[in-house]
Amino acid sequence: MLQEAKRIQQLPPYLFARIEQRIAQAKEDGVDVISLGIGDPDRPTPKHIIDKAAGQLYNSENHQYPSSVGMLSFRQAVAQYYKNRFNVELDAKSEVVTLIGSKEGIAHISWCYLDPGDISLVPDPGYPVYGTGSALAGAQPYIMPLKAENKFLPDLDAIPEDVAKKAKLMFLNYPNNPTGAIASLDFYKKVVDFAKKYDILVCHDSAYQDLSFDGYLAPSFLEVPGAKEIGIEFGSCSKPYNMTGWRIGWAAGNPQAINALGRLKSNLDSGQFQAIQYAGIAALTGPQDSVKEISKVYQERRDIVVNGLNSMGWKLEAPKSTIYVWAPVPKGYDSISFAEYVFEKSGVVVTPGNGYGEHGEGFFRISLCIEQERIQEALERIKQNIGKVEF
Ligand SMILES: *Cc1c(COP(=O)(O)O)cnc(C)c1O
C-alpha cells in the first residue's frame, strides 16, 4: 500500500467538512443558501489592471521562465508603494521578493528559519498557514492566544523565557483575519524590542493593510525604527485589488530573510508569470480610486452586519479594517453548534471560530464578500428566525 509521509498525515483534518455536507444537502433540497463563509473578494479586478496583463500576454519575452525572485520592475513598484504609503525605504534588489501570492511565502519562510525541534510563535485564532507551515518544517508552533480583553493582540510578557529563547520565528497579522483587530505602531515597537532581545524573525502578514474604514489607515510594521533588522512584511494584491485568483504578492524587509526566501524559491518554483507581475505593477503604481471604492463597499456591508447583530443583543464594535466581522456566540452554544443552528434556522452560512484555532472557540466569523442586498437578507433571516440573544 502507498504510504503518505508523516508530514502530510499530520495536516489537520478539514474542520468544516460537516457543515459543507449540510450546505450541499440543503442546496439539493432547494434551500436558498446565503454564504457569509468565504473570505474571497466578490467584485472583479479593476479594468486598468486586467488591460495591462492582457497586453503583456502577447509579449513573447514573458513566455519564458521568469526570475524566481521576481522582475526588478515589480519589486521596484513594491518599494515605490512603501515609500509613498508609509515613507519606508526599501532596496528593491535586496529587500523585496515577488511571491506567488503571499500565502506561498508565508508557508515557505518556515523552511528558511525552522529546523525540526525549533519553535515558532503563532497567533491563535489565526490564518492556518502559520502553524501548518511551521509543522511541515518539523517545528513546534507555540500558541500566542489572541484574547478579546487584550484587543486580540498577543501578550508578549506571557511567553515563557525558555520558549522565547528557543523561538526562531514569530507570525503576526494586523489588520487581523479573523478578528478584524488592528495594531498600533506602539505595539509593533514592543514586538521589535522583544524580537531583538531573543533573535526572532518577525513575519508580519499585512494582507489587509489597504482595506480600512471610517478614515483609519493601517501602519506598516516596517515603519518602526529597527524593524528591518529583525522582520519582514508579507503583502498582497489579493484583497485590495480583488486579485485573489491571480496569485501575486511579495515579502519585504530584512535582506537576509528576503535572500533566504529567494534561494529557497529558486529551488522550488520558477517565479510568477511576468504578465501577472505586470498586472501587479499596474495595481500598485496605477490610480488607487478603486481601493477607496471597494473599502467603501465593505464598510457599508460591515455596517449592515454590525447593526443587524447589535439589534439582536450583540454589543459589537465595528471593525476598522479587513473583510470580516468577528462575534461571540450566544449563551448555550459553542462555535460549531451556533453555526449549525444559524444554518438550520435561516440557511445562512457563518464560519465557526474554532476553525482558526482553539482560542477561536466561542466565536463565529462573518465574511463581507457578497452583495449588500444578500447580506441584508441574511441578517433579516437571522433576526426573524433567531430573534434576541443573550450572553
Ligand atoms: C487573504 C489572506 C492572505 C492573502 O493570501 P494571498 O496568497 O496573497 O492571496 C494572507 N493572509 C491572510 C491572513 C489572508 O486572510
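Numbering of ligands and ligand atoms starts at 1, following listing order. Given the structure is predicted, the values throughout are model-derived calculations rather than measurements.
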Sorted by chain and number, the residues that approach ligand 1 to under 4.0 Å with a heavy atom: G101, S102, K103, Y127, Y130, N173, N177, D205, A207, Y208, S236, S238, K239, R247

Distance check, rounded to the nearest 0.5 Å: C112 atom SG versus K265 atom NZ? 10.0 Å

Out of D210, I323, L211, which one pairs with I294 under the side-chain contact (heavy atoms from CB on, under 4.5 Å) rule? L211

Electrostatic pair R43:E371 at N-O distance under 4.0 angstrom: yes

Look at D186 together with K189 and state whether they make a salt bridge at an N to O cut-off of under 4.0 Å. yes

Between E104 and R247, is there a salt bridge with N-O shorter than 4.0 Å? no

Are F234 and Y127 an aromatic pair, judged by ring center distance below 6.0 Å? no

